[in-house]
Amino acid sequence: MTRIVYVNGEYLPDTEAKISIFDRGFLMADAVYEVTSVLDGKLLDYAGHESRLARSLDELGMANPVTKEELLAIHRELVSRNGVGNGLVYLQITRGSAGDRSFVFPDPATTPSGIVLFTQKVDDLDFPPAAKTGIKVIAFDDLRWGRRDIKTVQLLWPSMAKMAAKKAGCDDAFFVQDGMVTEGSASNAYIVKGNRIITRPLSNDILHGITRATLLKYAAEAQFEIEERAFTIAEAQAADEAFVTGASTFVMPVVEVDGAKVGSGTPGPVATRLRELYIEEAKKAAI
Ligand code: PDD
């Protein structure tokens, strides 16, 4: 099915959209991205994604080729033109194409950044079957680069983790570094003990999840205790519950960690409640 996508100033059918083979996103993974979820045609947590994008660009000395107002308008235009009720908007900004390959960054005065956006429809985004059953994760060495706080398109290791999980009959992976869980392959990771939600504190080791920030705010308001510290795989296996968060999964219960059931092996009350809470509140605040 053809979609209308946005490429460097133009709305085009995806079959007609082109970028240069010299684009640094393609050659060097010199690009950052955001994924914003859409429910009932509205953007969730948009302000958070917009400010994290600005931070990622800033950290890499890259310019945003469009203004804030234009960026929001493009998101909305694509949602509308593609008739997206529930789904995702993918956005990528690259350092552009200098018409050749070089390790040296091109001069932004002569090589503007490139920008691409497209939508993905996901009808059951709010009620996927996995939210009822929970997901199973494997432990996987975190061999990614050291600036995971920057949302770059270097996603080969997370893809390899996902493939290893599938091969093991599981759904996803918890990355592990120095014996501690960092995060999921495309999500932040949590465990639950009683009324307490435990998750790794923000640093360069993990992506500063937008769903994480919003959920922790809602959870604190709902009287959950929050402890920001790293945890081990063994601790996750012995926890009452575990879950992950991300724009494409919201709050997803984890029912098995590296071969051991977590709690009863079914989604627990805290993750289930937090999922409902997040969707309910994020929908109210959606734009
Ligand atoms: N990934 N950690 C990693 C490594 C991620 O890739 C993501 C999101 C998150 C959660 O961040 P947020 O809550 O802002 O979505 C944490 C997106 C969804 C993706 O790559 O598709």
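Read the numbers this way: they start at 1 and go in the same order the structure lists the ligands and their atoms. The figures here come from the full heavy-atom set of this structure, side chains too, leaving out hydrogens, waters and symmetry mates. Numbering of residues begins at 1 and proceeds along the displayed sequence. All of these numbers come straight from a predicted model, not from anything done at the bench.
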Qualifying residue for side-chain contact (heavy atoms from CB on, under 4.5 Å) with I206, from T182, D149, D142, V181:
T182

Near ligand 1, which protein residues have a heavy atom under 4.0 Å away?
Y33, V35, H49, R52, R144, K151, E183, S185, A186, S187, N188, L207, G209, I210, T211, T245, G246, A247, S248

Show the atom names and distances, to 0.1 Å, of all donor-acceptor pairs under 3.5 Å that link a side chain in residues 59-70 to residues at least two apart or in another chain.
from, atom 1, to, atom 2, distance (Å)
E59, OE1, R147, NH2, 2.9
N64, OD1, V66, N, 3.0
T67, OG1, E70, N, 3.1
T67, OG1, E70, OE1, 3.4
E70, OE1, T67, N, 2.8

To check you understand the geometry: which heavy-atom pair defines the closest contact between A31 and G25, and what is its length?
CB-CA, 3.9 Å

If you look at every heavy atom in A271 and E241, which pair is closest and at what distance?
N-OE1, 2.8 Å

How far does NZ of K42 sit from OG1 of T36, to the nearest 0.5 angstrom?
15.5 Å

Cluster link V89 to I115, ILVMFWY, side chain under 4.5 Å
yes

